[in-house]
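This is a predicted model, so every value here is computed, not measured. Only heavy atoms go into these numbers, but all of them, side chains included; no hydrogens, no water, no symmetry mates.
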Amino acid sequence: VGVGVGVGAGLAEASYEHAKVLAAQRSLPDAVVEVCRVLTAHQPARSSVAAPLSPVLSPAPAAATALSPLLLAKLHIRLARWVAQQPSLADTVHAHLPAGPTGWGDGTVLSGQLYLAATSAAPRVAKARRHYADWCYREARRAAASAREGDGPVIAAALQDWRPPEGTDTRAVVEQIRTLFADATNAGDAIDRAAIEADLTALLPGASADMMAAVLATMTPLDERSSQLQHLAVSAYFAYLEADCAAAPSSPSSGGDFDHLTATLRLLRLLASRGPALQHVFTPSLERTDPLLWQRIVPQLLARLRHPSPYVRTQVLSLLARLGQAQPHLLVYPAVVACEGEGGGRQSWSASGDSDSNVGNPMPLLLQSLRDHSPALVAALGGMLSELRRITVLWEERWLAALAGRAGDDARRLLRLQDEAARVASNESLSSADKARLIASKHEAILRPAAAALETLRAETLGTAPQTPLEHAFVAQFGAAIDAAIAGLKHPLFPSATGAAAGTTDALAYNAEACYRPLRTLTEDLRAHCSKQVSQGLSLSDLSPLLARTAASVLPMPGLLAGGVVTIGAFDARVVVFATKTRPKKLTLLGSDGKPYAYLFKGMEDLHLDERIMQLLDVMNSVFDRSATQASLGPGPALGLRTYQVVPLGARSGLIEWVGGATALYTVYKRWQTREADTARMLAAVEPQGPPSASLPVSTSAPATSSAATA
């Protein structure tokens with residue numbers, strides 16, 4: 001298609017489409033020539049194109065042209081992509097597209113210049129801003145990586161006249177200096193040259209002042225280009241977010257878009273790594289940004305509240321406080337959990353070692369901001385979390401887990417005690433009283449740790465006043481048995497020998513097995529009791545009367561962030577207990593929209609990693625949605641991963657959204673294993689005289705047979 005100076009916008013659009021067809025046919029040079037002809041015809045004067053490293057991102061004066069700004073931006077972006085894909089095309093661009101006073105660069109630099117030209121042609125097109133920001137970010141990382149890889153030889157050259165002490169590895173010293181310089185330039189704060197010189201003096205004993213100056217001179221130039229590109233990336237990403245919000249002012253929370261997620265994550269990374277050095281651009285930009293654009297990276301923002309830089313902590317806290325005022329349901333769960341969690345957990349902030357609570361421990365400040373804005377919400381959530389922690393692991397479940405976990409150790413102690421008692425009883429040089437005294441002392445020494453562990457657990461459970469009907473029932477049913485079991489471990493039992501008077505302490509009558517009998521009886525009774533709870537379920541009024549009385553609360557439904565805010569209307573009266581190791585419980589909450597929301601409430605597990613995995617899968621779904629290959633998959637369901645909400649309630653508990661209709665892989669395997677065993681038994685019954693059947697026994701543990709692996 002021949003393109004002349006007076007061609008119309010319609011013909012230019014046709015030329016652009018033709019260029020894309022050429023590119024699809026692997027004729028990139030012809031496609032580049034086609035786009036260059038359109039740009040040359042409609043922008044003869046290219047002096048307005050800024051240099052790629054200019055910090056000024058404001059639009060340049062538009063040249064007289066019939067093309068729309070959007071089409072001009074598309075042409076520049078497409079051309080930049082092709083050059084990035086095939087750097088040798090830069091020569092074609094040089095030959096067919098006139099350059100301004102600064103000239104065109106080569107390869108990657110040319111791509112950046114074209115992306116910047118797209119932002120100048122269409123300053124309100126968010127896509128152009130994003131492409132330029134992505135280019136700046138990638139180039140900044142590439143420059144930093146090149147600097148880190150290339151500074152070794154430069155430092156070694158500066159040290160070529162250094163005479164190290166005997167036994168010193170020069171290469172190791174060079175690596176230490178590289179690490180020192182990298183830490184200094186990446187910290188973001190002003191470089192403390194005095195501290196660096198002191199460290200170099202320790203690393204380079206005997207080095208002259210000129211040599212020290214030469215080594216120091218290798219540090220600053222290495223990071224100069226990277227810093228400039230980082231500055232441009234920050235400015236461009238904020239400009240992209242602002243332009244995209246302006247294009248859709250009614251839905252600023254559309255930051256769920258993959259490009260918004262990428263932009264906010266990269267800005268957060270730059271803030272954490274170079275925030276203080278770039279605060280002249282970060283501070284005003286963060287003040288203007290819409291906080292709703294950052295809602296998908298709330299876990300990452302909360303993690304950065306632990307950042308060592310006061311500036312980074314302050315900026316993140318300010319952003320989260322604004323987000324909490326706009327949408328308190330996004331932050332109330334993590335903020336209250338972090339400040340009022342199970343003390344000592346990974347998210348407990350109350351024990352921060354920083355003496356300055358306003359700087360080193362900003363989470364309470366965030367909670368106070370939420371409390372000032374939504375006091376009823378924070379108070380209600382604190383009460384609900386307290387009740388949920390009460391039912392995380394019930395008293396009977398704690399006792400059963402403790403006794404089952406100690407079964408192996410108790411068996412070893414019993415065998416040792418029996419051996420010691422038999423050895424003492426067989427010693428004919430000792431009197432009966434001495435034998436009894438020795439056995440009692442060995443009994444106490446061997447079983448003291450077991451008794452102490454049970455006494456500690458008793459103090460944590462029975463030592464506190466029961467507050468729920470279920471706890472009262474536990475005390476009435478198992479209190480005496482627990483005391484008897486502890487007494488049996490603490491005090492040796494000397495049953496009277498046959499025909500002896502009651503109370504006689506005969507060493508021959510000592511029975512170590514009888515000391516453990518109350519403990520084993522308690523374990524069996526607890527196991528039966530917990531199995532009954534699994535089969536019949538529990539009543540929420542027995543577990544937590546406070547939760548059972550909940551009605552029309554202001555609490556948002558856990559993890560439900562999309563759409564409008566749904567609050568908790570009530571809790572279902574029945575609680576299902578599962579017979580797995582941690583005894584998770586299924587809770588059903590009735591929402592204010594009239595719909596039931598089921599959750600799996602898990603204790604003794606940290607769900608923060610699960611939360612991040614779901615976030616990762618959500619990002620993968622965004623990638624699938626925007627993938628160009630999606631259109632080639634043909635008719636059928638869209639490619640995606642089924643995710644579910646995970647809400648950590650501390651370092652040891654959390655809520656997981658219940659996914660209906662799901663089947664565990666182990667359940668599938670167990671069904672197959674049972675069928676195989678039944679088939680083998682049937683064949684054996686039909687042919688009793690035949691060869692032995694290779695039956696597969698049913699097992700409760702995950703087997704590792706070759707047939708199972710094949711299945």
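- Nearest heavy atoms, Leu320 versus Leu331: O-CD1, 3.0 Å.
- Taking the charged nitrogens against the carboxylate oxygens, Arg406 and Asp409 do have a contact shorter than 4.0 Å, which makes a salt bridge.
- One finds the CG atom of Leu589 at 8.5 Å from the OG1 atom of Thr550 (value rounded to the nearest 0.5 Å).
- For the atom pair CG (Leu543) and OG1 (Thr468), the distance works out to 7.0 Å, reported to the nearest 0.5 Å.
- Residues forming a side-chain hydrogen bond (donor to acceptor under 3.5 Å, both in side chains) with Gln536 (at least two apart in sequence, or on another chain): none.
- Side chain of Tyr333 to main chain of Leu381: no donor-acceptor pair is present (N/O by atom type, distance under 3.5 Å, no hydrogens or angles).
- By the side-chain contact (heavy atoms from CB on, under 4.5 Å) test, Glu444 is found to be paired with Arg448, residues two or more places apart in sequence or in another chain being considered.
- Salt bridge present: Glu387 and Arg390 bring a charged side-chain N and a carboxylate O closer than 4.0 Å.
- When side chains are defined from C-beta on, Pro584 does not count as touching Phe601, because their heavy atoms never get closer than 4.5 Å.
- Separation of atoms NE2 (His307) and OG (Ser273) is listed at 7.5 Å; rounding is to 0.5 Å.
- Applying the salt bridge (charged side-chain N to carboxylate O under 4.0 Å, His left out) test to Arg574 and every residue at least two apart in sequence or in another chain returns nothing.
- Listed by chain and residue number, Val424, Asn427, Asp434, Lys435, Leu438 satisfy the side-chain contact (heavy atoms from CB on, under 4.5 Å) test with Leu430 (two or more places apart in sequence, or in another chain).
- The closest side-chain heavy-atom distance from Trp395 to Leu470 is not below 4.5 Å.
- Between Leu546 atom CG and Leu540 atom CG the span is 9.5 Å, to the nearest 0.5 Å.
- Between the Ser553 side chain and the Ile568 main chain, a donor and an acceptor come within less than 3.5 Å of each other.
- Salt bridge status for Lys442 with Glu420: present, with a side-chain N to carboxylate O gap under 4.0 Å.
- A salt bridge links Arg458 and Asp483; the closest N-O separation between the charged side-chain nitrogens and carboxylate oxygens is under 4.0 Å.
- Distance CG/Leu394 to SG/Cys530: 8.0 Å, rounded to 0.5 Å.
- Every residue was checked against the side-chain hydrogen bond (donor to acceptor under 3.5 Å, both in side chains) condition with Thr523, not counting sequence neighbours, and none meets it.
- The distance between the ring centers of His529 and Phe478 falls below 6.0 angstrom.
- For the residue pair Glu396/Gln533, the side-chain donor-acceptor check at 3.5 Å is satisfied.
- In this structure a side-chain-to-backbone donor-acceptor pair under 3.5 Å is missing from Ser386 to Gly383.
- Side chain of Lys490 to main chain of Gly488: no donor-acceptor pair is present (N/O by atom type, distance under 3.5 Å, no hydrogens or angles).
- To the nearest 0.5 Å, the span separating NZ on Lys602 from OG on Ser653 amounts to 11.5 Å.
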Stepwise side chain to side chain contact (heavy atoms under 4.5 Å, CB included) test for Asp572 and Leu587: CA-CA 7 Å; Asp572 190 79; Leu587 304 176; over 6 Å; no
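- Arg313 places a side-chain N or O within donor-acceptor distance of the main-chain N or O of Pro308, the cut-off being under 3.5 Å.
- The ring of Phe578 has its center closer than 6.0 angstrom to the ring center of Trp658.
- In this structure Pro449 satisfies the side-chain contact (heavy atoms from CB on, under 4.5 Å) test together with Arg413, sequence neighbours excluded.
- A salt bridge is defined here as a Lys NZ or Arg NE, NH1 or NH2 lying under 4.0 Å from an Asp or Glu carboxylate O, and Arg681 with Asp678 meets this definition.
- Between the side chain of Glu471 and the main chain of Pro466, no donor-acceptor pair closer than 3.5 Å is present.
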